[in-house]
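For reference, the structure is listed below as structure tokens.
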Amino acid sequence: MARFCITTPIYYVNDVPHIGHAYTTIAADILARYHRMLGDDVFFLTGTDEHGKKVEQAAAAQGRTPRDLADSVHGRFRDLWRTLNISNDDFIRTTEDRHRRTVHDFWSRAKAAKDIFLGDYEGWYCTPCETFWTEKELIPESRPASELENAGTLMEGPVDPTGEISLPERQETIWRCPTCRRPTEKLRQPSYFFNLSGRWKYLVEHFEQHPDAIQPSSRRNEILAFLRGEDLRDLSISRTDFQWGIPVPDDSRHVIYVWFDALVNYLTATHYSPGREDFWPASIHLVGKDILRFHTVYWFAFLKSAGFPPPERVFAHGWWTVDGQKMSKSLGNVVDPFEVAQKYGTDPFRYFLFREVPFGQDGNYSNRLLEARINGDLANDLGNLLSRVVQVASKHFLDSRIPASTTHDPSTLGQDGTLLLVRREQVKKAYLDALGRIELQAALEAVWDLVREANGYVDRSRPWEHRGTPRGTASLLELLESLRFAGVLLQPFMPGISNRILHQILGREIFGSSSRPSEPETADLDRPYPFTKGCSIVKGAHLVERLDLASAVGSRESGGVPAAKMEQGGTLPKQAGVPTKEAKVTETTSNTITTSTITIDEFRKMDLRSATILEAEEVPGSKRLVKLKVDLGGESRQVVAGIRHVYTPAELPGKKVVLVANLAPAKIMGVESQGMVLAATDGDTLSLLSFDRDVGPGRKVK
RNA sequence: GCCGGCGUAGCUCAAUGGUAGAGCGAGGGUCUCAUAAGCCCUAGGUCGGCCGUUCGAUCCGGCCCGCCGGCACCA
């Protein structure tokens with residue numbers, strides 16, 4: 001049995017999950033499910049990266065411990081993976097003991113190889129914040145603050161990735177701290193370094209000799225160009241200016257820094273886990289293109305030093321834009337995967353991400369594009385094919401049962417007799433080739449070649465006109481077999497939809513929750529027409545409901561919500577196991593009220609209060625944000641609201657408003673917001689909710 | 001500035017030394033088993049521009065323009 005080990009990056013808990021995290025993890029899930037389907041011994045790893053300065057600071061700002069913050073964001077990731085039907089075998093957290101032990105051992109190995117030494121790290125230090133900043137994070141005097149706000153990352157990966165020793169001189173510019181905007185100064189701190197320069201030769205030779213080690217090939221060329229172009233600088237791998245991390249062995253003043261901690265997770269869950277030793281080296285590390293260098297240059301060098309073989313390959317995928325725009329928090333267009341999955345269904349979302357764009361390239365997300373895929377590909381082509389075939393078959397065969405005595409005689413079909421058979425063989429080959437090359441889009445395209453062919457075949461063979469005849473039986477068996485093919489081939493991509501296809505045509509499910517076939521012989525594409533051994537046709541609900549797009553007038557915003565309405569707690573994960581309607585429409589911008597219902601208990605979770613606005617001022621650099629100080633009756637709160645395009649700060653003090661008082665605090669453009677002010681929106685305008693009687697501040701709204 | 005990639009039908013993209021295809025959208029037709037789905041037909045596109053090589057170039061080479069990515073640098 002072949003072994004297959006696939007990993008996602010571990011996601012930094014400084015950020016809530018977004019479409020980029022979902023993309024990487026679903027891709028890994030598809031490949032893991034595919035290999036389980038093939039019968040391979042699979043290990044699929046994901047996790048969270050929980051250490052570092054940013055987490056320590058973010059936690060402090062919220063008055064919580066780093067552990068507490070890490071726990072809650074970690075929980076959000078777990079919820080998302082459940083919502084997206086991710087079949088990971090392990091979920092590692094860098095704060096676990098097992099990981100600390102690995103890192104210590106790994107460190108000792110590199111040290112024994114004389115690749116770790118103590119030196120000085122020179123960086124830009126903000127004394128009031130007690131923080132070192134990298135060049136990229138600093139604000140130069142001449143640069144407007146707004147540019148910085150747009151620098152939000154699109155993808156996972158610890159920020160502050162570069163730990164190189166020396167920074168160029170900056171004499172003309174004052175470099176300011178991104179948090180407090182005070183000038184920083186260049187300062188030295190002791191730091192341990194990794195001898196990256198000493199591994200230069202190994203890296204170049206390895207990547208030259210293993211052309212498949214980095215994919216796509218354009219990315220490999222970039223890494224090789226990087227290696228050949230510049231001398232590698234040794235890498236700072238410890239810090240003394242924060243505590244939240246794994247201490248350096250025998251020198252607890254230092255904490256192990258970013259990559260030397262994070263990358264090692266892949267070994268913790270494999271080589272260092274009893275019974276899983278054989279899963280190292282990993283078959284594939286899936287990463288976003290922004291963290292490719294760390295997963296190739298740094299990671300391969302670390303492994304070499306510590307005496308481990310490198311992963312077989314590292315695959316870098318692209319990024320998603322939203323409605324053609326870069327996704328960023330300040331634009332408020334971040335796509336929340338919970339929301340998309342809830343609104344359109346997990347399987348359609350998974351399908352879209354890998355059908356729309358070649359894996360490796362950048363793609364554009366929009367609700368409109370997703371809806372087009374749902375109606376065109378899933379409902380019209382695939383879903384309708386299933387409906388029409390199942391309908392005819394259930395009438396053709398007595399009591400919807402295909403008896404075990406059934407024989408298949410393609411010779412009754414004339415010149416179309418082997419048409420679908422030939423197409424199935426082509427499609428199978430194309431699909432297997434594509435997945436072998438991690439070309440996920442091509443694999444799905446192959447399946448649709450078969451679906452289209454089958455739809456045409458239904459029209460030409462007209463099986464409903466041959467009810468009860470061998471010819472009708474033969475054409476239906478060809479169609480059912482083609483649907484079985486599609487169902488099996490789609491299992492890794494859309495496990496739920498795949499199971500429902502197979503259930504309708506076989507009367508039972510043949511895949512387990514992890515996509516390992518529970519009936520290997522029935523799932524086997526090389527054993528055609530299992531129907532002839534007897535089965536039931538089960539007419540079920542529509543596979544994918546068509547979306548009614550006629551009412552969609554005007555703009556359809558795809559991502560996010562205005563900052564003031566941002567739901568920091570996120571949407572609740574969709575309840576699993578409800579296989580009726582996979583997709584339904586809700587319009588963020590229209591007035592159609594089609595949101596799912598909530599219970600009175602769910603509503604009561606919200607603490608709504610009357611509040612009086614005391615002060616209001618603009619949030620610098622923002623277009624719409626206003627920082628409010630509100631009175632809750634003895635308690636005052638700071639709240640950020642996106643209302644400046646309608647209300648000027650001057651007119652706000654004194655207004656009575658409705659506040660969501662128990663919303664988790666959040667930072668919006670760097671400003672703490674401890675609640676949310678309610679307003680009705682109508683296109684570009686909005687109206688704050690107020691009271692038509694005199695009500696004191698802090699009163700319950702229900 | 002250096003390196004790499006791209007620029008083809010309204011959109012997204014594919015292919016090929018002998019003047020180009022797919023999907024979607026749009027228009028027309030048709031069936032009725034089916035989720036007003038399916039199926040069939042319809043795009044006459046200077047294949048970014050110019051110059052070369054060649055009997056012949058969209059595909060080879062050079063230059064230019066535009067876009068994207070990586071690196072460096074400037075601020």
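The figures that follow rest on heavy atoms only: side chains count, while hydrogens, waters and symmetry mates do not. Reminder, nothing fancy here: chain letters follow the sequence lines and each chain counts from 1. A quick note: this is a predicted structure, and the numbers were derived from the prediction, not measured.
- Between the C1' atoms of B/rG38 and B/rA43, the separation comes to 22 Å (whole Å).
- Using a cutoff of 4.0 Å between basic side-chain nitrogens and carboxylate oxygens, A/E465 and A/R462 are scored as salt-bridged.
- Remark: the A/N380 side chain and the B/rA37 base include no donor-acceptor N/O pair separated by less than 3.5 Å.
- Here the side chain of A/E222 is nearest to one of B/rC71, B/rU35, B/rG69, namely B/rG69.
- Distances shown here put every side-chain N or O of A/R355 at or beyond 4.0 Å from the OP1 or OP2 atom of B/rG23.
- Listed candidates were B/rG69, B/rG38, B/rC71. Nearest to the side chain of A/R219 is B/rG69.
- A gap of 28 Å separates the C1' atoms of B/rG62 and B/rC73, to the nearest Å.
- In this structure, A/L385 places its CG atom 19 Å from P of B/rU32, rounding to the nearest Å.
- A donor-acceptor contact shorter than 3.5 Å links the side chain of A/N455 to the backbone of A/D381.
- Where pairing requires Watson-Crick or G-U contacts shorter than 3.5 Å, the helical stems of RNA chain B with at least three consecutive pairs are B:1-7 with B:65-71, B:10-13 with B:21-24, B:26-30 with B:38-42, B:48-52 with B:60-64.
- In terms of position on RNA chain B, the residue among A/I223 and A/K395 whose nearest nucleotide sits closer to the 5' end is A/K395.
- For the 3.5 Å distance criterion, the side chains of A/R350 and A/N85 fail to qualify, holding no donor opposite an acceptor.
- Taking atom P on both nucleotides, B/rG52 is separated from B/rU46 by 22 Å, rounded to a whole Å.
- Under 4.0 angstrom from either OP1 or OP2 of B/rA36 there lies no side-chain N or O belonging to A/R546.
- Whole-Å rounding puts the A/R373 CZ to B/rC11 C1' distance at 12 Å.
- Annotation: B/rA22 and B/rA36 have their C1' atoms spaced 26 Å apart (nearest Å).
- Nucleotides B/rC63 and B/rC24 have their C1' atoms positioned 37 Å apart, rounded to a whole Å.
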Note to self: The test is side chain to side chain contact (heavy atoms under 4.5 Å, CB included); show your working for A/V357 and A/Q441 and say whether it passes.
What the structure shows: CA-CA 7 Å; A/V357 172; A/Q441 184 194 41; 5.5 Å; no
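- Here B/rA34 presents its P atom at 17 Å from CG of A/L543, a figure rounded to the nearest Å.
- Taking 4.0 Å as the cut-off between side-chain N and carboxylate O, A/R424 and A/E478 count as a salt-bridged pair.
- In terms of position along RNA chain B, the nucleotide closest to A/Q391 lies nearer the 5' end than the nucleotide closest to the other residue of the pair A/Q391 and A/G376.
- Counting non-hydrogen atoms under 4.0 angstrom, A/A225 reaches nothing in the nucleic acid.
- Between B/rC67 and B/rA20, the distance separating the two P atoms is 31 Å to the nearest Å.
- Scanning residues 438-475 of chain A for heavy-atom distances under 4.0 Å to RNA chain B yields A/R452, A/N455, A/G456, A/V458, A/D459, A/R462, A/W464.
- Across B/rG5 and B/rG61, the matching P atoms stand 10 Å from one another, rounded to whole Å.
- When rounded to the nearest whole Å, the span between CZ of A/F207 and C1' of B/rG70 equals 16 Å.
- Between A/Y457 and A/D416, the side chains place no donor N or O within less than 3.5 Å of an acceptor N or O (distance only, hydrogens not considered).
- If you measure from atom NZ of A/K539 to atom P of B/rC33, you get 13 Å, rounded to the nearest angstrom.
- Looking only at atom types and distance, the side chain of A/E356 has no donor-acceptor partner in the side chain of A/Y365 under 3.5 Å away.
- Using a 4.0 Å heavy-atom cutoff across all strands shown, A/D381 reaches sugar-phosphate atoms only and no base atom.
- For the C1' atom pair drawn from B/rU8 and B/rC3, the interatomic distance equals 26 Å after rounding to whole Å.
- For A/E356 and B/rC11, the CD to C1' distance is 11 Å, given to the nearest whole Å.
- At the heavy-atom level, A/S387 lies under 4.0 Å from base atoms of the strands shown.
- Between the side chains of A/Q361 and A/H317, not a single donor N or O lies within less than 3.5 Å of an accepting N or O.
- Checking A/N499 against A/Q491 by side-chain atom types alone, a donor-acceptor pair falls below 3.5 Å.
- Rounded to whole angstrom, the span from the CG atom of A/N384 across to the P atom of B/rU35 amounts to 7 Å.
- Rounded to whole angstrom, the span from the CZ atom of A/R368 across to the C1' atom of B/rG25 amounts to 10 Å.
- Using a 4.0 Å cut-off between a side-chain N of Lys or Arg and a carboxylate O of Asp or Glu, A/E509 and A/R500 do not qualify as a salt bridge.
- With respect to A/K201 and A/E205, a salt bridge is recorded, a charged nitrogen being found less than 4.0 Å from a carboxylate O.
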